[in-house]
There are 2 protein chains.
Amino acid sequence: MNKKSATIYDISKKLNVSVATVSRALNNHPRISQATKDLVNKTAKEMNYKQNNLAKALKSGETKNVGIIVPFVNTNFFSSVIRGIEEELSPFGYHVIICQSHEDVNIEKRHLNTLLNAQVDGIFMSVSRTTIDTAHIRNILDTTNTPIIFFDRKKDISGISTVTIDDYRGGYMATEHLIKEGYKNICHFSGDLNLEIYQNRLNGYKQALKDHHFQVKEENIIMTGSSIEEGIEAIKKLWDRKSVPDAIFSASDFAALGACQELKKRKIKIPQEVAVIGFSNEPFTQFMELPISSVDQTPVMMGKMAGQVFLESVKENGSGISTEKKVVLAPQLYIRKSSRRK
Amino acid sequence: MNKKSATIYDISKKLNVSVATVSRALNNHPRISQATKDLVNKTAKEMNYKQNNLAKALKSGETKNVGIIVPFVNTNFFSSVIRGIEEELSPFGYHVIICQSHEDVNIEKRHLNTLLNAQVDGIFMSVSRTTIDTAHIRNILDTTNTPIIFFDRKKDISGISTVTIDDYRGGYMATEHLIKEGYKNICHFSGDLNLEIYQNRLNGYKQALKDHHFQVKEENIIMTGSSIEEGIEAIKKLWDRKSVPDAIFSASDFAALGACQELKKRKIKIPQEVAVIGFSNEPFTQFMELPISSVDQTPVMMGKMAGQVFLESVKENGSGISTEKKVVLAPQLYIRKSSRRK
DNA sequence: CTGTTAGCGCGTTCAG
DNA sequence: CTGAACGCGCTAACAG
């Protein structure tokens, strides 16, 4: 009892009309009589007809599917961006296909290929940490018409639209905020500098210091990952020195949390003795009894903008032209107890 | 300059062999000489050939795509399940398509249809809160061969496999834990009883009370949603009474958090005066300065199991038989400060 | 070992 | 207003 779904051919046989008529009736073609349309639609429903989008896509060249490649799907940031993309594109009939790169450029490459084989109409991606060489991505641009859109973690490739937040500005804002609160010795927990976002946050930090006549000390820039443990380790390392900082701008909320935990353990008062501000505005930052200041990346909005950029590029592609767009969103500073002195 | 990708037909023309030979060479068919294979593969690479999976799927009837319908993608629970499914299925060449129902049964229906039109090989879903009638789902079972797999939020439909945790047991464990810690007047924050999971957690709570000779009082069961605000409201309502509880088992971590916040505001000591335990083991529960006890749902594992159930059903479908599976995972109790008296 | 051809399901010319 | 026939790209059955 194999339930094969009915095709327009089945309907045409039953009704003794041609498949063309059935197809047109189903698609509400103007030159079909209302009577036939009604009849076809009625029997289609009766026979439980379902349009096979595969065949349609093969014919039209549009699958109405887009791919999204992220390192991992179960983080607040990436899942929120995905939410934004899905909500922007779903009304236009698109489906989103999710792939995880696990921060591995080889897996990323493989996904890129399988998505292309699946004939997706576009690819959204945040590159993995191990993506240094981008030849494989540029190659896609040269050999296909599939638009690629970078969000957050971009690479500089001409022809690829990007949607990011102004990480430089975020870093600047966070640092300046600490300065204005009166902190004098601000150190920075930076992430993997292979990713532009962390370079930019770092540069924003540096520039804010300079603009306010503070010295940028290399020893105040600590490389950490995005984990609680690395935040703890960073504090341990810092407090082994003779002069300790009075404020921390962490490029990661998790490292900021680790810092808070370790500082508390050492009975160092936040924000009286040391201020802490993170980045990403992870949900937990506001739930803490000592809420942690952070820079919001507006991820859902980022997804929606990325969706819009894609939709525009689809339109343009029809008309021949195709320009790259660079959307930069404004980061939002959330000042909470961990960095407010008064 | 439209970059249309090469087809096997292009390769066959260039090499003066038939398309069948090209297809077979590309698929490493045994009855093709190594020389031809090498030649075909080489020129395929040169011409930047990409296999069109649409055509393949149309022919084979397998798209190697599965759909996942969840209320929202950007929650820790659902994004973690998705991660599990993706990681289980990706090695077998499957892609996952994500749809959000926004807790709306009509949107859910629409997604179900478009996924079917897209010829997905299977559908994973957690039903929306507004899904009371399930005729549309049963109809799919009757008219297609597409396997459906419920995870977490299931409905009782014969023929549909399910992967859940034992919510009854989770509720029982949480309640019994509170009893053993010496709490005497335990109340329960329940979620939407239209969803089985909340019924089960509630039933587990009731049974644990009975088994330990406590009375089940209806006024101790408060209906709340899964938000901080509703947790706060629930506490306000409870503390308006003459007799207040000394422990709360909340079916939602967010409501539990709201409760903690409101209790703290009222200078009521946790866990000395009132114990709190939540459900879901949201990341934030362990990050708090007063970490909140919770019941873990092992969402990634749930996704992996759902993926396995699907893979088995695909195999079985080939051999004709098709049995439904009911996988029930064990919940895990995480006891933290919020419910540990000593 | 290789070639010819049909067909997967649909939309779409071109005729009528 | 409707029908006949082609083609999207690929695999597989049948022939050689």
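No hydrogens, no waters, no symmetry mates; every other heavy atom, side chains included, goes into these values. Chain naming here is simple, since letters A, B, ... match the order of the sequence lines and numbering starts at 1 in each.
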Asker: When the distance from CG of A/Asp10 to C1' of C/dC10 is rounded to whole Å, what number comes out?
Answerer: 13 Å
Asker: Consider only side-chain N and O atoms of A/Thr162 and A/Thr164, and report whether a donor and an acceptor are under 3.5 Å apart.
Answerer: no
Asker: Can you name the nearest heavy-atom pair linking A/Tyr49 to A/Ala6, along with the distance?
Answerer: CD1-O, 3.2 Å
Asker: Have a look at A/Thr7 and say if it touches a base, only the backbone sugar-phosphate, or nothing, with a 4.0 Å heavy-atom cut-off.
Answerer: sugar-phosphate
Asker: Taking the minimum atom-to-atom distance to the side chain of B/Leu58, which one of D/dC10, C/dT2, C/dG9 wins?
Answerer: C/dG9
Asker: Which word best sums up how the rings of A/His95 and B/His111 line up, parallel for under 30°, tilted for 30 to 60°, or perpendicular for over 60°?
Answerer: tilted
Asker: By nearest heavy atom, map B/Arg24 and A/Ile32 onto DNA chain D; which one lands nearer the 5' end?
Answerer: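 The residue closer to the strand's 5' end, by nearest nucleotide, is A/Ile32.
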Asker: If you look at every strand shown and take non-hydrogen atoms under 4.0 Å, does B/Asn27 touch a base, only sugar-phosphate, or nothing?
Answerer: sugar-phosphate
Asker: Would you mind reading off the distance between B/Asn53 atom CG and D/dG9 atom C1', rounded to a whole angstrom?
Answerer: 11 Å
Asker: Starting from P on C/dC10, measure out to CG on B/Asn52 and report it in whole angstrom.
Answerer: 17 Å
Asker: Should B/Ser23 be listed as having a side-chain N or O under 4.0 Å from OP1 or OP2 of D/dT11?
Answerer: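 Yes, within the criterion.
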Asker: If we ignore angles and hydrogens, is there a donor and acceptor under 3.5 Å between the side chains of A/Asn53 and A/Lys64?
Answerer: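 There is no such pair between these side chains.
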Asker: Just to be sure I understand the rule, does A/Thr36 reach a base, reach only the sugar-phosphate, or reach nothing, if contact means heavy atoms closer than 4.0 Å?
Answerer: sugar-phosphate
Asker: Any side-chain N or O of B/Thr21 below 4.0 angstrom from OP1/OP2 of C/dG3?
Answerer: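 Looking at the OP1 and OP2 atoms of C/dG3, one of them is under 4.0 Å from a side-chain N or O of B/Thr21.
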Asker: How close or far is atom C1' of D/dG9 from atom NZ of B/Lys56, stated in whole angstroms?
Answerer: 12 Å
Asker: Can you tell me how far C1' of C/dT2 sits from CG of B/Leu15, to the nearest Å?
Answerer: 13 Å
Asker: Report yes if a side-chain nitrogen or oxygen of A/Gln51 is closer than 4.0 Å to either non-bridging phosphate oxygen (OP1 or OP2) of C/dG11; otherwise report no.
Answerer: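 Checking A/Gln51 against C/dG11: at least one side-chain N or O falls below 4.0 Å of OP1 or OP2.
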Asker: Taking the six-membered ring for Trp, are the ring centroids of B/Phe310 and B/Phe124 within less than 6.0 Å of each other?
Answerer: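 Centroid distance B/Phe310-B/Phe124: below 6.0 Å, so yes.
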Asker: Tell me which nucleotide among D/dT2, C/dT2, C/dC8 gets nearest to the side chain of A/Arg31.
Answerer: D/dT2
Asker: Specify the separation, in whole Å, of atom CG of A/Asn16 and atom C1' of D/dA4.
Answerer: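 My rounded result for the distance is 16 Å.
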Asker: At less than 4.0 Å, is any side-chain N or O atom of B/Tyr9 found next to OP1 or OP2 of C/dT4? Yes or no.
Answerer: no
Asker: What is the nucleic acid contact for A/Ser33, judged by heavy atoms within less than 4.0 Å: base, sugar-phosphate only, or nothing?
Answerer: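 A/Ser33: backbone/sugar contact only, no base atoms under 4.0 Å.
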Asker: Report the distance from atom CG of B/Asn117 to atom C1' of C/dC10, rounded to the nearest whole Å.
Answerer: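 In whole Å, C/dC10 C1' and B/Asn117 CG are 13 Å from each other.
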Asker: Rounded to the Å, how far apart are B/Ile8 CD1 and C/dG3 C1'?
Answerer: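 Atom CD1 in B/Ile8 sits about 13 Å away from atom C1' in C/dG3.
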